[in-house]
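This report concerns only the one structure given below.
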Amino acid sequence: MTTLTLAPFLPCSSSIKHLPLRLAAHASTQLSPTSLKQQLSDQKTGVIVIGAGLAGLAAATRLNSQNIPFVLLEASDAVGGRVRTDVVDGFLLDRGFQIFITAYPEAQKLLDYQALELQKFYSGARIYFDGQFHTVADPLCHFFDSVKSLTNPIGSVIDKLLIALTRIQVLGKSDDEITRADEVPTIDLLKKIGFSDSIVERFFQPFYGGIFFDRDLGTTSRLFDFIFKCLALGDNTLPAKGIGAIPNQLASKLPPDSILLNTRVVSVGLDKDQTTPMPFVRLENGDVLQSELGVIVAIEEPHVNELLAETNVIEPVQSKRPARSTVCLYFSADRDGIPVRDPVLFLNGSGKGIVNNMFFATNVAPSYGPLGKALVSVSLIGLFDDRSDADLIDEVVLELSGWFGGSVVGSWKHMRTYRIGYAQPNQCPPTDLMKNPKIGPGLYLCGDHLTSATFDGALASGRRAAEALLRDGAFIKV
């Protein structure tokens with residue numbers, strides 16, 4: 001077993017040399033153990049970050065802003081974690097239904113929105129109920145549409161007034177107040193506010209259920225209030241180059257040699273022979289990396305216990321609450337043959353069938369498909385592991401034929417099905433959205449399971465972990 005020591009230092013100038021790992025953010029080659037040892041030994045670094053999802057990238061970004069040297073280890077062939085986009089036959093297929101809300105406060109600090117070329121959804125939704133589509137619209141963006149929707153069967157006039165009142169209330173709260181507020185399941189909050197069963201079942205359950213991957217709306221009211229506030233302040237969007245453009249942008253701003261792909265960490269331990277026990281990282285190829293400044297673990301919640309088993313610094317978390325799962329199916333179609341051209345989200349308010357929501361991605365962002373072609377995205381809540389892919393495709397096509405007509409849907413061609421077992425952590429009450437990222441000597445944890453299950457939560461969690469490490473390292477002399 002090869003042991004590599006990565007000794008920390010706090011730089012006195014901005015000319016910091018990072019590890020000369022000759023891999024760009026999107027490289028796909030694997031260094032041999034000998035090459036890895038040689039290159040890691042060439043320079044010293046302060047921090048090891050495990051996992052190049054949004055949380056790990058945010059942690060690395062914060063470290064880089066302070067000129068702290070680091071290496072970011074990622075097991076897969078690209079950055080992003082769950083936030084990835086595949087290119088298939090000229091189409092951009094996001095790995096699951098993902099929408100970026102422009103009002104996310106942490107994202108506003110980190111991302112260049114203009115460079116992402118964000119494409120907006122219609123501010124509202126079209127709901128399938130009783131064999132017809134009914135529009136729910138944001139009155140500040142689509143006033144006349146919202147007036148026409150007052151008398152539709154998607155809730156009463158009182159329900160729509162309650163939405164406006166709820167909007168005013170959440171806008172009057174700070175994000176910190178929302179995060180620390182008393183909590184109940186979202187479904188209980190909606191009933192307490194006074195919303196009718198009709199608007200809960202026909203709008204809130206498919207809309208927020210699609211965001212939380214939780215049709216029952218057992219998710220904490222804290223997360224509901226946060227999302228409701230962000231939706232009131234911003235737009236639902238897609239980056240022109242796919243949702244994966246978000247992590248790619250973060251990675252592009254890091255030193256090009258600081259990210260090592262195809263490098264799987266199998267365990268983290270503590271070197272107790274030192275005066276102050278410090279963590280080490282064991283790679284799949286047998287190499288061991290050490291850092292006296294610290295290790296930031298930015299991986300999905302289900303894998304945390306296994307990775308940290310050697311450290312004995314945290315109690316194993318055997319969650320009795322299953323993770324949120326989803327299935328996303330993509331179809332291609334001729335752009336002239338789709339039934340609508342609006343960039344609108346369609347919701348299933350009928351209470352029947354397996355489809356929760358769907359949209360024509362190329363209506364939102366034409367760049368999601370080749371010229372003349374349309375991309376159809378269909379989302380289900382749950383994993384449906386009792387059905388084969390072929391059965392799911394048949395069931396979805398039959399159901400949507402009832403929405404748009406058999407001749408229309410029958411012409412669509414299935415492209416790919418994504419089954420995502422861990423789409424989000426389960427955030428039913430009780431929750432603690434401000435968990436301490438420090439879990440042991442020199443060891444820090446981040447991810448959306450520590451904060452809110454949103455893009456913003458992952459980004460904020462990564463920053464907080466890096467800042468906790470920096471505070472602990474402030475005593476180190478240059």
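In this text the structure is predicted, and so the values were computed from the model without any measurement. Just the heavy atoms: all of them, side chains too, but no hydrogens, waters or symmetry mates, feed the values below.
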If you draw a 6.0 Å radius around CD in E177, do more than 12 non-hydrogen atoms from other residues or ligands fall strictly inside? yes
One thing to verify: whether D342 and R126 come together as a salt bridge, which I'm taking to mean a side-chain N less than 4.0 angstrom from a carboxylate O. yes
For R416, is there an ion pair with D389 - N to carboxylate O distance below 4.0 angstrom? no
Do you know the tightest heavy-atom contact between L223 and S452? CD1-CB, 3.6 Å
Between atom OG of S65 and atom CZ of R463, what is the distance when rounded to the nearest 0.5 Å? 10.5 Å
Less than 4.5 Å apart, any side-chain heavy atom of F97 and any of N356? no
Minimal non-hydrogen separation, P206 against E201, with atom names: CD-O, 3.4 Å
S221 and E183: side chain to side chain donor-acceptor pair (under 3.5 Å), yes or no, with the steps? CA-CA 5 Å; S221 55; E183 63 177 339; 5.7 Å; no
Kindly indicate whether a cation-pi arrangement holds for R202 with F129, taking the cut-offs as under 6.0 Å to the six-membered ring centre and within 45° of the axis. yes
Check: N426 and E301 side chains under 4.5 Å, non-hydrogen atoms: no
If we only count heavy atoms from C-beta on, is the V79 to I259 side-chain gap below 4.5 Å? yes
Carboxylate-amine/guanidinium contact R282 E310, below 4.0 Å: yes
Any carboxylate oxygen within less than 4.0 angstrom of a Lys/Arg side-chain nitrogen, looking at R180 and D176? yes
Flag side-chain contact, heavy atom, 4.5 Å: L329 against Y418: no
As a quick check of understanding, evaluate side chain to side chain contact (heavy atoms under 4.5 Å, CB included) for L73 and V49, giving each step before the final call. CA-CA 6 Å; L73 308 178; V49 182; over 6 Å; no
Under the side-chain hydrogen bond (donor to acceptor under 3.5 Å, both in side chains) test, which residues partner N436, sequence neighbours left out? none
Could you check if a side-chain atom of S332 sits within less than 4.5 angstrom of a side-chain atom of W412, using non-hydrogen atoms only? no
Result of checking F133, Y128, F207, F121 against F346 for ring-ring contact (aromatic ring centres under 6.0 Å, His included): F133
Whether over 12 other heavy atoms sit under 6.0 Å from L161 CG: yes
State which residues pass ring pair (Phe, Tyr, Trp, His ring centres under 6.0 Å) with F455; sequence neighbours excluded, sorted by chain then number. none
Pair S461, R464: side-chain N/O donor-acceptor within cut-off below 3.5 Å: no
Side-chain H-bond candidate by donor/acceptor type, T85 with D94, under 3.5 Å: yes
In terms of side-chain heavy atoms, does N236 have a donor or acceptor partner in Y122 at a distance below 3.5 Å? no
Could you tell me whether the side chain of N357 and the main chain of V378 form a donor-acceptor pair under 3.5 Å? no
Can a side-chain donor-acceptor contact be found between T179 and R222 if the only test is distance below 3.5 angstrom? no
Got a sec, which pairs hit ring-ring contact (aromatic ring centres under 6.0 Å, His included) with one end in residues 156-179, sequence neighbours left out? none
Just how far is it from atom OG1 of T102 to atom CZ of F100, taken to the nearest 0.5 Å? 7.0 Å
Flag the pair D77 and R84 as a salt bridge only when some basic side-chain nitrogen lies within less than 4.0 angstrom of an acidic carboxylate oxygen. yes
How many angstroms lie between atom OG of S350 and atom CD of Q132, to the nearest 0.5 angstrom? 13.0 Å
Pair R82 + D448: basic N to acidic O under 4.0 Å: yes
Does a donor on one side chain sit under 3.5 Å from an acceptor on the other, for T219 and D214? yes
Taking all non-hydrogen atoms of both residues into account, name the closest pair between F360 and P339 and its distance. CZ-CD, 3.6 Å
Salt bridge present between D385 and R419 (N-O < 4.0 angstrom): no
Heavy-atom check, side chain of I48 versus side chain of S291, under 4.5 Å: yes
State, with a plain yes or no, whether a side-chain heavy atom of Y444 is found less than 4.5 Å away from one of D472. yes
Would T263 and E74 count as having a side-chain donor-acceptor pair, cut-off 3.5 Å? no
Can you check whether G457's main-chain N or O pairs, donor with acceptor, with E106's side chain at less than 3.5 Å? no
Go through the steps for D112 and K253 under the test salt bridge (Lys or Arg N to Asp or Glu O under 4.0 Å), then give the verdict. CA-CA 11 Å; D112 180 349; K253 295 179 180 180; 5.4 Å; no
Given side chains that start at C-beta, do those of D86 and R95 come closer than 4.5 Å, heavy atoms only? yes
Gap between atom CD of Q169 and atom CG of L162 - 0.5 Å precision: 9.0 Å
Is there a side chain to side chain contact (heavy atoms under 4.5 Å, CB included) between S196 and D159 once you walk through the steps? CA-CA 7 Å; S196 68; D159 286 322; 2.5 Å; yes
What is the minimum heavy-atom distance between L459 and L250, and which atoms define it? CD2-CD1, 3.8 Å
Under 3.5 Å, is there a donor-acceptor pair linking the side chains of N348 and E399? yes
Are there over 12 heavy-atom neighbours, none belonging to Y113, within less than 6.0 Å of that residue's OH? yes
T61 versus N64, side-chain donor and acceptor atoms under 3.5 Å: no
From D138 atom CG to I163 atom CD1, the distance as rounded to the nearest 0.5 Å: 10.0 Å
Let me see the working for F359 and V364 under side chain to side chain contact (heavy atoms under 4.5 Å, CB included), right down to the final yes or no. CA-CA 9 Å; F359 70 106; V364 180; 4.0 Å; yes
Could you go through W403 and V409, starting from their C-alpha distance and side-chain angles, then the distance that decides it, and tell me whether this counts as side chain to side chain contact (heavy atoms under 4.5 Å, CB included)? CA-CA 9 Å; W403 293 23; V409 178; over 6 Å; no
Decide if atom NZ of K160 counts as having more than 12 heavy atoms of other residues, nucleotides or ligands within a radius under 6.0 Å. yes
Is K191 salt-bridged to D197, cutoff N-O under 4.0 Å? no
Roughly how far apart are L270 CG and L443 CG, rounded to 0.5 Å? 6.5 Å
Indicate the atoms forming the closest heavy-atom contact of S123 with C141, along with that distance. OG-SG, 3.6 Å
If you compare all heavy atoms of L171 against all heavy atoms of A232, which two are closest, and at what distance to 0.1 Å? CD2-CB, 4.0 Å
Counting only heavy atoms from other residues, nucleotides and ligands, does the tally under 6.0 Å from NZ of K435 exceed 12? yes
More than 12 heavy atoms from other groups under 6.0 Å of CG on D432: yes
Using 30° and 60° as the class boundaries, would you call the ring planes of F228 and F224 parallel, tilted or perpendicular? tilted
